[in-house]
2 protein chains.
Amino acid sequence: MRTRDEDKVSLVKKMAIKSIVKDGFEGFSMNKLAKACGISVATLYIYYKDKDDLIISIAKEEGDAMADSMIKNFDPTVSFEEGMRVQWENRYAYMLEHPFSIAFFEQLRNSTYQSRFLDNFMKKFKQIIGEFMNNVVKNGEINSMPLEVFWSIAYAPLYSLVRFDAEGQSVGGKPFKMTDEILWQTFDLVIKALKN
Amino acid sequence: MRTRDEDKVSLVKKMAIKSIVKDGFEGFSMNKLAKACGISVATLYIYYKDKDDLIISIAKEEGDAMADSMIKNFDPTVSFEEGMRVQWENRYAYMLEHPFSIAFFEQLRNSTYQSRFLDNFMKKFKQIIGEFMNNVVKNGEINSMPLEVFWSIAYAPLYSLVRFDAEGQSVGGKPFKMTDEILWQTFDLVIKALKN
DNA sequence: AATATAAATGAATATTCATTCACTTATGAA
DNA sequence: TTCATAAGTGAATGAATATTCATTTATATT
């Protein structure tokens, strides 16, 4: 029996993400994807049941990889500032290594696929981050607050920076490039906001 | 000569936003929009040159309205905390009055229309916000920092909260509803981060 | 009341879409 | 080497897409 060409499979995955990032879901089609990969459309239907399955499958794979790398080296019993630093480091490193992934997730978050993708993704985090929050509140390192408030202060600024960087443009006119210095300058402000 | 039915025009606008918010640009079509409005597709081409023109025109109108209401009562010579409070108030009030607009802009930001829409939108702000930033840095109320860092700390948390509220779901499981208390609790943390 | 004219339409067009199918090709096991 | 079988294909399908057009309708002006 003939064997599946795994290079072809991963090319499909790569091109799908690239295309969705570039043109959004509105500009994405199975025929165009096949053409971009230099294969027949019908082949896509060997790999995936249908278009939804293709998108959801790729989203899950990428989401799992991202979730894993985000909790790498993360010990929820460590101090607040140290724990936050590891998480910012992980997210920043992931973004540098997978420049398209972040933009791909932004597309997913604003699409009808959101719910089917986000549940799976959050499951990986929820427990470990919840444990971390409990600890630092109990230690008196930060005040108790709704999880959404914490998230909005602790991570939203990072994602905002990543986005400015990806767009290469700014609120003003000049192009913006993220640097280590800018990242940790922002981090310090976030710690100042949250730490007692 | 027959007169244009302005009710029909504004119905088109309302339904277009509603549809894009609900199903994204990938689920939006001229034929479906016409059907949803109970008019002929051809009528849409009387109001707008083509699909792009429809989307961009509506985006610009909504964007201008939002920009206006955001700088309402805003005096760039006022103190840092006072200026920030007015801006948060304005954004929050706008979000309550126009629940679909914010979601519509999120869609635009993640679409190929982004650049054509954002330039127009930002023009309204840039000057007045830049003036405000200059003042508060000169007064020594906050430290000098890249505009993107400021933006990411000062406003990203608010938009994140608005988003949690719109989705009605959370990082965890329970539904989230924004309240005045939560808004100003988050605001205080932001001020703590930025103020010297 | 008559008329000129823009608004509004229903039905068409050509194109692109997701998906299927009859067929060919490569390869692990015999 | 043969053969069973899954991988891979080119061309087709019908549905949905954006846009156009010949025609009808309403109304502001005369």
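Each chain gets a letter, A, B and so on, in the order the sequences are listed, and its residues count up from 1.
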**Q** What parts of residues 16-26 of chain A reach DNA chain D, counting only heavy atoms under 4.0 Å away?
**A** none

**Q** Can we say R85(B) and E89(B) salt-bridge, meaning some charged N sits less than 4.0 Å from an Asp/Glu carboxylate O?
**A**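 No, this pair does not count.
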
**Q** Same cluster for F150(A) and V78(A) if Ile/Leu/Val/Met/Phe/Trp/Tyr side chains link at under 4.5 Å?
**A**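 Looking at the clustering, V78(A) is in a separate group from F150(A).
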
**Q** Could you run down nucleotides 6-14 of chain D 5' to 3' and tag each one B, S or - for protein heavy-atom contact under 4.0 Å?
**A** BBBBB----

**Q** What's the separation between atom CZ in R91(A) and atom CG in L161(A), rounded to the nearest 0.5 Å?
**A** 13.5 Å

**Q** Measuring from F80(B):CZ to N196(B):CG, what's the distance to the nearest 0.5 Å?
**A** 9.5 Å

**Q** For M30(B) and dA8(C), give me the distance from atom CE to atom C1', rounded to whole Å.
**A** 15 Å

**Q** Can you tell me how far P of dA18(C) sits from CG of D53(A), to the nearest Å?
**A**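 For the pair D53(A) CG and dA18(C) P, the rounded distance is 14 Å.
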
**Q** Between D50(B) (CG) and dA14(C) (P), how many Å, whole number?
**A** 20 Å

**Q** Would you give me the side-chain donor-acceptor pairs under 3.5 Å for residues 180-191 of chain B, sequence neighbours excluded?
**A**
| unit_1 | atom_1 | unit_2 | atom_2 | d |
| --- | --- | --- | --- | --- |
| D180(B) | OD1 | Y92(B) | OH | 3.3 |
| T186(B) | OG1 | I182(B) | O | 2.8 |

**Q** Starting from P on dT17(D), measure out to CG on L54(B) and report it in whole angstrom.
**A** 15 Å

**Q** Between the side chains of R4(A) and Y47(A), is a donor N or O closer than 3.5 angstrom to an acceptor N or O?
**A** no

**Q** Would you kindly give the OH-to-P distance between Y45(A) and dC17(C), to the nearest whole Å?
**A** 12 Å

**Q** Thinking salt bridges, do K32(A) and D23(A) make one under a 4.0 Å N-O criterion?
**A**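 No, this pair does not count.
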
**Q** Check the distance between dC17(C)'s C1' and D52(A)'s CG and give it to me in whole angstrom.
**A** 14 Å

**Q** Rounded to the nearest Å, what distance is computed from the CG atom of residue D7(B) to the C1' atom of nucleotide dA7(C)?
**A** 14 Å

**Q** Using the side-chain heavy atoms of K51(A), tell me which of these nucleotides is nearest: dT19(D), dA18(C), dT17(D).
**A**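 The answer is dA18(C), which lies nearest to the side chain.
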
**Q** For nucleotides 1-3 of chain D, list the nitrogen or oxygen atoms of the protein found under 3.5 Å from its nitrogen or oxygen atoms, one pair per line.
**A**
none

**Q** Can you give the donor-acceptor pairs under 3.5 Å from side chains of residues 11-22 of chain B to other protein atoms, not counting sequence neighbours?
**A**
| unit_1 | atom_1 | unit_2 | atom_2 | d |
| --- | --- | --- | --- | --- |
| K13(B) | NZ | E61(B) | OE1 | 2.9 |

**Q** Show me, pair by pair, the donor-acceptor contacts under 3.5 angstrom made by side chains of residues 101-111 of chain A, not counting sequence neighbours?
**A**
| unit_1 | atom_1 | unit_2 | atom_2 | d |
| --- | --- | --- | --- | --- |
| S101(A) | OG | E62(A) | OE1 | 2.5 |
| S101(A) | OG | Y94(A) | OH | 3.4 |
| E106(A) | OE1 | R163(A) | NH1 | 3.0 |
| Q107(A) | NE2 | N110(B) | O | 3.0 |
| N110(A) | OD1 | R163(B) | NH2 | 3.2 |
| S111(A) | OG | L108(A) | O | 2.9 |
| S111(A) | OG | Y113(A) | N | 3.0 |

